[in-house]
Student: 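Attaching a single structure in structure tokens format; questions to follow.
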Amino acid sequence: SLYSKISKTFPSVFIYGLPNAGKSSLFNKISDNKKAIVSELPGTTRDLIAGFFKVKNTTFQIIDSAGIKKPLTAIEKKVIDKTKEGMEQNEIILYLIDISKKIKDKDLFNLKELFTMEKLVIIIPSKTDLKNELFMENFIKKLSKIIKSQKISDKNNICIFPVSILKNHGIKNLKKYLFELYKKGTKPSGDIILNNRQKEIFNRVLNILKKTNNSVTQKIGFEYIAIDLKDCLNLLGEITGEASTDDILENIFSRFCIGK
């Protein structure tokens, strides 16, 4: 599988849509980093990229993806397959539509597919800074009407959140809404995406823990177990950014007299 099975309760949000709809820009804005490359050329993103953001002490994972289009090469097909697999693994989908362009049939097809799969879809009209407020209101009304008339969704309330990444409009409200969904119990079971370096670290940690388990079974001195656990914590710290282990070891081994 594309995903490493680390957490089944981690709140995860997947960004989906056609090429050049503003997905990577939204990812960078929400996750407060510049992991995703942004370009005016469509098809810049070629892989899934995971980032994180916090709302009221709750950490969310957000995933950027390649734009959905008809693949022209074998590589593009693999990229699109990976995007679709990622979409299928997540319950909350942020579907971006470029408000500066005409609503495309492919957008409507993708939305119908998402609603049929019973995904929780939040439609994001993007690049709203390119149009005035009246245009945006008419765009949203038109989109809602098309969705209902073409039976793309049978839901009474279509969730639409217009945003402008450039002017930072709508981002705060979107994060707040995602947190409210989480609070109400809509906790999507998206799995955490790991890069190759992180997978290697977790494999090293797993091997050390297996060794530690054998040491406990064989009643080897706790000072050796402490060394192994400290190695594990240091490795995990390379992923979390928290490399301090003394307090954790103090808590684990408070009942034992060991050297550190």
Side-chain angles (χ1 to χ4, degrees), residues 1-33 35-38 42-55 58-69 78-98 106-126 152-153 155 158-163 165 170-171 173-182 184-195 198:
S1 172
L2 170 67
Y3 293 90
S4 298
K5 307 299 181 183
I6 303 299
S7 170
K8 298 302 288 183
T9 57
F10 198 90
S12 186
V13 182
F14 195 85
I15 303 176
Y16 198 58
L18 300 184
N20 212 25
K23 298 182 298 299
S24 294
S25 295
L26 180 66
F27 171 86
N28 286 340
K29 178 64 71 174
I30 289 181
S31 62
D32 292 325
N33 62 38
K35 274 188 177 182
I37 298 172
V38 177
T44 303
T45 303
R46 304 300 292 265
D47 204 348
L48 300 185
I49 303 172
F52 299 89
F53 67 95
K54 262 189 178 182
V55 184
T58 298
T59 300
F60 291 79
Q61 178 179 227
I62 185 162
I63 304 164
D64 186 24
S65 66
I68 294 296
K69 65 175 184 176
K78 287 183 179 181
V79 170
I80 300 303
D81 287 346
K82 185 179 283 191
T83 292
K84 288 190 173 182
E85 184 181 353
M87 176 269 289
E88 290 168 2
Q89 294 283 343
N90 286 271
E91 294 304 312
I92 292 184
I93 310 295
L94 303 184
Y95 190 89
L96 269 71
I97 298 180
D98 185 348
K106 184 61 178 175
D107 281 317
L108 301 177
F109 176 85
N110 290 339
L111 286 171
K112 187 167 186 176
E113 182 181 44
L114 291 170
F115 284 120
T116 301
M117 294 171 72
E118 298 187 347
K119 299 293 184 183
L120 202 164
V121 183
I122 302 173
I123 301 172
I124 311 286
S126 63
I152 291 170
S153 171
K155 297 180 184 296
I158 305 298
C159 185
I160 301 177
F161 264 88
V163 301
I165 291 98
I171 303 298
N173 286 337
L174 177 59
K175 286 183 176 182
K176 183 180 177 183
Y177 181 70
L178 290 169
F179 177 75
E180 287 171 356
L181 285 178
Y182 180 80
K184 288 176 183 176
T186 306
K187 301 178 182 179
S189 58
D191 303 321
I192 294 178
I193 296 176
L194 302 176
N195 60 36
Q198 291 167 333

Student: Which heavy atom in Asn90 sits nearest to a heavy atom in Ser12, and how many Å separate them?
Tutor: OD1-OG, 2.8 Å
Student: Looking at Lys54, I'd like to know if its NZ atom is crowded, meaning that more than 12 non-hydrogen atoms belonging to other residues, nucleotides or ligands lie closer than 6.0 Å.
Tutor: no
Student: With distance as the sole test, does Lys106 use its side chain to make a donor-acceptor pair with the main-chain N or O of Gly17 at under 3.5 Å?
Tutor: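 No, because the side chain of Lys106 does not come within donor-acceptor range (under 3.5 Å) of the backbone of Gly17.
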Student: Taking the side chain as every heavy atom from C-beta outward, state whether Leu48 and Ser65 have any atom pair closer than 4.5 Å.
Tutor: yes
Student: Working to the nearest 0.5 angstrom, can you tell me the gap between Ile171 CD1 and Ile124 CD1?
Tutor: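 Between Ile171 CD1 and Ile124 CD1, I get 8.0 Å after rounding to 0.5 Å.
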Student: Could you tell me which non-hydrogen atom of Ala66 sits nearest to which non-hydrogen atom of Val79, and how far apart they are?
Tutor: CB-CG1, 3.3 Å
Student: How far does OH of Tyr95 sit from CG of Asn110, to the nearest 0.5 angstrom?
Tutor: 3.5 Å
Student: Return the minimal non-hydrogen interatomic distance between Lys175 and Ile30, and the atom names on each side.
Tutor: NZ-O, 3.3 Å
Student: For a quick test of reading the model, state the closest non-hydrogen atom pair linking Phe27 to Ile49 and the distance between them.
Tutor: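 The answer is CE1-O, 3.4 Å.
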Student: Could you give me the CA-CA distance, side-chain angles and deciding distance for Ile122 and Val13, then say whether side chain to side chain contact (heavy atoms under 4.5 Å, CB included) is met?
Tutor: CA-CA 10 Å; Ile122 302 173; Val13 182; over 6 Å; no
Student: Nearest 0.5 Å please: distance from the OG1 atom of Thr83 over to the CD atom of Glu85.
Tutor: 10.0 Å
Student: One pair to check against side chain to side chain contact (heavy atoms under 4.5 Å, CB included): Lys23 and Asp64. What are the steps and the verdict?
Tutor: CA-CA 7 Å; Lys23 298 182 298 299; Asp64 186 24; 3.6 Å; yes
Student: Looking at Cys159 and Val121, what are the two nearest heavy atoms and their distance?
Tutor: CB-O, 3.9 Å
Student: As an exercise, state the distance from CG of Asp107 to CD1 of Ile68, rounded to the nearest 0.5 Å.
Tutor: 11.0 Å
Student: State the CD1-CD1 distance between Ile15 and Ile63, to the nearest 0.5 angstrom.
Tutor: 9.0 Å
Student: Distance from Met87 atom CE to Lys119 atom NZ, nearest 0.5 Å?
Tutor: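 Here the rounded value is 6.5 Å.
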Student: Could you check whether the rings of Tyr177 and Phe161 sit parallel, tilted or perpendicular, using 30° and 60° as the cut-offs?
Tutor: tilted
Student: Test side chain to side chain contact (heavy atoms under 4.5 Å, CB included) on Phe53 and Leu178 and set out the steps.
Tutor: CA-CA 11 Å; Phe53 67 95; Leu178 290 169; 3.9 Å; yes
Student: What is the minimum heavy-atom distance between Tyr16 and Ile93, and which atoms define it?
Tutor: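 Minimum heavy-atom separation between Tyr16 and Ile93: CB-CG2, 3.6 Å.
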